[in-house]
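Only one structure is covered here, and it is reproduced in the block below.
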2 protein chains.
Amino acid sequence: MALIRSWVPGANDAESSFPLNNLPCGVFSCLGEAPRCGVAIGDMIVDMAKLERAGLLHISAEPLFDKPFWNALMAAGPSTWSRMRGRLIELLAEGSAEAREVAPHLVSMNVAQLHLPFRIAEYTDFYAARCHAENVGTMFRGAENALPPNWLHMPIGYNGRASSVVVSGTELRRPWGQVKHPNEITPQFSPSTRFDFELELGAVVGMPSQPGRPVTVEEADAMIFGYVLLNDWSARDIQAWEYQPLGPFQSKATATTISPWIVTRAALEPFRVETPTRQAALLPYLAEPRAMNYDIALEVGLTPQGGTETVICRTNASQLYYSAGQQLAHHTLSGCAMSTGDLLGSGTISGPDKASRGSMLELSWGGTERVMISGGSRSFLEDGDQITLRGRAQGDGYAIGFGDCSGRLLAALTDPYAREDGVYDACRTPRSI
Amino acid sequence: MALIRSWVPGANDAESSFPLNNLPCGVFSCLGEAPRCGVAIGDMIVDMAKLERAGLLHISAEPLFDKPFWNALMAAGPSTWSRMRGRLIELLAEGSAEAREVAPHLVSMNVAQLHLPFRIAEYTDFYAARCHAENVGTMFRGAENALPPNWLHMPIGYNGRASSVVVSGTELRRPWGQVKHPNEITPQFSPSTRFDFELELGAVVGMPSQPGRPVTVEEADAMIFGYVLLNDWSARDIQAWEYQPLGPFQSKATATTISPWIVTRAALEPFRVETPTRQAALLPYLAEPRAMNYDIALEVGLTPQGGTETVICRTNASQLYYSAGQQLAHHTLSGCAMSTGDLLGSGTISGPDKASRGSMLELSWGGTERVMISGGSRSFLEDGDQITLRGRAQGDGYAIGFGDCSGRLLAALTDPYAREDGVYDACRTPRSI
């Protein structure tokens, strides 16, 4: 697949994340305006609400884009997704007869603020990269018991907290929680001192499934609208104390940051690759009808407060042992209904070598080794650290990107129960979380 | 607290679940009508949408009740909840000057269909009854390790699946899943043979909390709108194989049945009792400002297909070691934001004696003992079995009830991947789940 050339500034630049081949979906606003759907192209955002209002789209009788979320378009189904992509390529391609009509509906990325691109219905986090499961398992249970016995037979997942999902750029606060030190008998109430990131890919479910009816891997793949980068922030000290026997809970609920752009499944089609060789045969319901993983180069940058960024991890989405299609098929196995806007985290995408580990827990081997960064070193994250995830699928003369997925960690509140006016007001809007 | 007498038929009957003291919130429809908010009283349902339209309520400038969910009323906040309760007592009390105006807006329960009373935002399930945790722990890990080390220090919880929550009366299908028998090395794909119920109380969160800001137990209590009965159906064989290391997933996702009526916190106020004596001191953030448990008698009936009901469990909500206020406060500890419509399951409410165990797993001690029922016996549930939960807080000459919370288990699909027309249609509405 080669670059599809566009008349939009920046779109044909080999370094751009947003060539015409990509067309990722986000929500944006300019100063004082209401957030609405937009599509990234080159250095610009297509104002989809205005394009629709101008009668240039012809893809739905109902308005789909003058909303602060992509859920309406997603719920309209795969044929509408295809029509949208086809029509946008027509309008934005070099030589388009309608370029002059479209041009007034482009907004410069520099002046736009980006918002959460879709309303998260429910959020599930998987554990689908083998190197990550082995690394964590070795640290927690020893090398012989690294992989749980079920791991090679099913994509292990757990339900996360949708209300914790935020868009790139949202600051987060180091959480308080229950932490038990190994040489103490009872837990302390204290800020987390082992706060971490997790490099993941998130699959965005566009089409719902029926309650009581599991879907095949092929049907699951067709339900997926697109993918985001996802940072599943984790408080390792809280996690270690709370996670037995029912799984991670508050350790994963402070925030989960996603990229501002949903890269559609259609844009990633040329980058499909096979999942890794199976060590144990999978049950037939997990059989993949074709290549279901993606070749997407991933990296993580750490920038200390006032410092410069160091890339601390380089890996690839093809490391996933279970594809998003397999995860989603497994998710419906007991009859669990999926909804438009469900988000499925892949699990931390660590690779086999040291520099490809997708969390501080692994990079610092449980805090026992220092990770060198520009001007210092880290075991876990320090106050003011910013983590930025990047993803790039490299085509022939073009690349598909997600936009930076970043978040800065603020210091813990001095007293999380202090009330400015002595009263807790649930309705007050916070400036950062 | 004594009975508040009402002019509505049946409301003063000592056996009624719905005296004027109760006023629980549900969603109903009659043949061909749209579902809308209603309040149960005696043998009738107050059509809240009609009452509001008739100008009899005076509690909000915005319409709150002509909707198929109670979320709008819940989001309006505690002072609106109080105004609604006060106004309804005024209108429905014996001697009310407005009885003649209200009477045309009452609907007989016999002709109404009940629907899910609120839109579930997210669903969390706790593990807060000590006898249940000890019973299950003993079966899974032996008597010495029955309680996990963290259990006496925090209300253990995990995120469940909101899309699986259904209203009483919805049939469910025995799920397929991965099951590994102890004497085999690899799992099978088969219908669950150890399908179970769990007797729980569910707390319904009315008011949201801010991201990044934990709430105290007192603030948490004030956020709770009311309570439902909750059956957290569980496939024990699927659970045993899948739950390590990240917790229950598909084993709990087939369905979770709730009662059709939300009993408000206000109605339960006279039934507050202290949580049990603490074996270990709790951290200050879990301190309870007053009695936070409720004295609610609970029972479970099992009715085989075509047979008669046997009550197989009698217990009390006061068995919970952690109150819903403590669960909710803990839920926000890491900064996790709560939303209007969040549902918190208490965990299975087993008591200390054999007849008070709230699941088949415990009643049959892991399937090793038969539970006698009218005309037979059970270890786990059989196809056609109906489980009915009931709850009753006994006042002076009146009682507060929830309505039956029941569901019937249908046989597993012969082939869960069979498509009637060869094509999976995610948009087709199922008749049962």
Side-chain angles (χ1 to χ4, degrees), chain A residues 122 127 148 150 153-154 156-164 173 175-178 186-187 189 207-216 219 223 235 238 241-251 253-254 280 283-285 330 333-339 416-417 424 426 428 430 432-433, chain B residues 122 127 148 150 153-154 156-164 173 175-178 186-187 189 207-216 219 223 235 238 241-251 253-254 280 283-285 330 333-339 416-417 424 426 428 430 432-433:
Chain A
E122 299 192 60
Y127 190 52
N150 50 16
H153 299 281
M154 65 167 74
I156 299 286
Y158 66 100
N159 299 297
R161 182 77 195 173
S163 69
S164 74
R173 282 210 176 273
W176 287 72
Q178 281 203 23
T186 55
F189 177 63
M207 287 296 288
S209 74
Q210 289 178 41
R213 297 301 294 255
V215 302
T216 65
E219 290 162 346
M223 288 163 60
I238 298 172
W241 171 235
E242 77 172 1
Y243 93 106
Q244 287 288 10
L246 300 181
F249 186 50
Q250 288 307 288
S251 54
T254 300
L283 285 166
Y285 82 91
H330 181 69
L333 188 57
S334 71
C336 179
M338 304 305 297
S339 312
Y417 295 102
Y424 179 80
R428 195 186 305 147
S432 61
I433 78 157
Chain B
E122 299 192 60
Y127 190 54
N150 50 16
H153 299 281
M154 65 167 73
I156 299 286
Y158 66 100
N159 299 298
R161 182 76 195 174
S163 69
S164 74
R173 281 210 177 271
W176 287 73
Q178 281 203 23
T186 55
F189 178 64
M207 286 297 287
S209 74
Q210 289 178 40
R213 298 301 294 256
V215 302
T216 65
E219 289 161 348
M223 288 163 59
I238 297 173
W241 172 235
E242 77 173 1
Y243 93 106
Q244 287 286 12
L246 300 181
F249 186 50
Q250 289 307 288
S251 54
T254 299
L283 285 166
Y285 81 93
H330 181 69
L333 189 56
S334 70
C336 179
M338 304 305 297
S339 312
Y417 295 102
Y424 179 81
R428 196 186 304 148
S432 61
I433 77 157

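Reminder, nothing fancy here: chain letters follow the sequence lines and each chain counts from 1.
When each of A:Gly177, A:Pro187, A:Pro148, A:Ala235 is scored by its heavy-atom pairs under 4.5 Å with chain B, the top score falls to A:Pro187.
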Where do A:Phe249 and B:His330 land on the side chain to side chain contact (heavy atoms under 4.5 Å, CB included) test, with the steps shown first? CA-CA 10 Å; A:Phe249 186 50; B:His330 181 69; 4.0 Å; yes
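Residues B:Glu242 and A:Ile156 approach most closely at O-CD1, 4.2 Å, considering heavy atoms. Summarising the geometry of B:Ser334 relative to A:Pro175, their closest heavy-atom pair is O-CB, 3.5 Å, with the distance given to 0.1 Å.
With sequence neighbours left out, A:Phe189 forms a ring-ring contact (aromatic ring centres under 6.0 Å, His included) with A:Trp176, B:Tyr285. Not counting sequence neighbours, the partners of B:Thr186 by the side chain to side chain contact (heavy atoms under 4.5 Å, CB included) test are A:His153.
When atom types are taken as modelled, the side chain of A:Asn150 and the backbone of B:Gln244 share a donor-acceptor pair closer than 3.5 angstrom. Checked by atom type and distance alone, the side chain of B:Glu122 pairs as donor or acceptor with a backbone atom of A:Ser163 at under 3.5 Å. Looking at B:Arg161, its side chain does come within 3.5 Å of a backbone N or O of A:Ala337 through a donor-acceptor pair.
Residues A:Trp241 and B:Met154 form a side-chain contact, since some pair of their non-hydrogen atoms from C-beta on lies under 4.5 Å apart. Proximity of A:Cys336 to B:Gln250: side-chain heavy atoms (C-beta onward) are separated by under 4.5 Å at one or more points.
Contacts between A:Leu333 and chain B at a heavy-atom distance below 4.5 Å involve backbone atoms as well as side-chain atoms. When heavy atoms are compared at a cutoff of 4.5 Å, A:Pro245 approaches chain B by way of both its backbone and its side chain.
Expressed to the nearest 0.5 Å, how far CG of A:Asn159 lies from OH of B:Tyr158 amounts to 8.5 Å.
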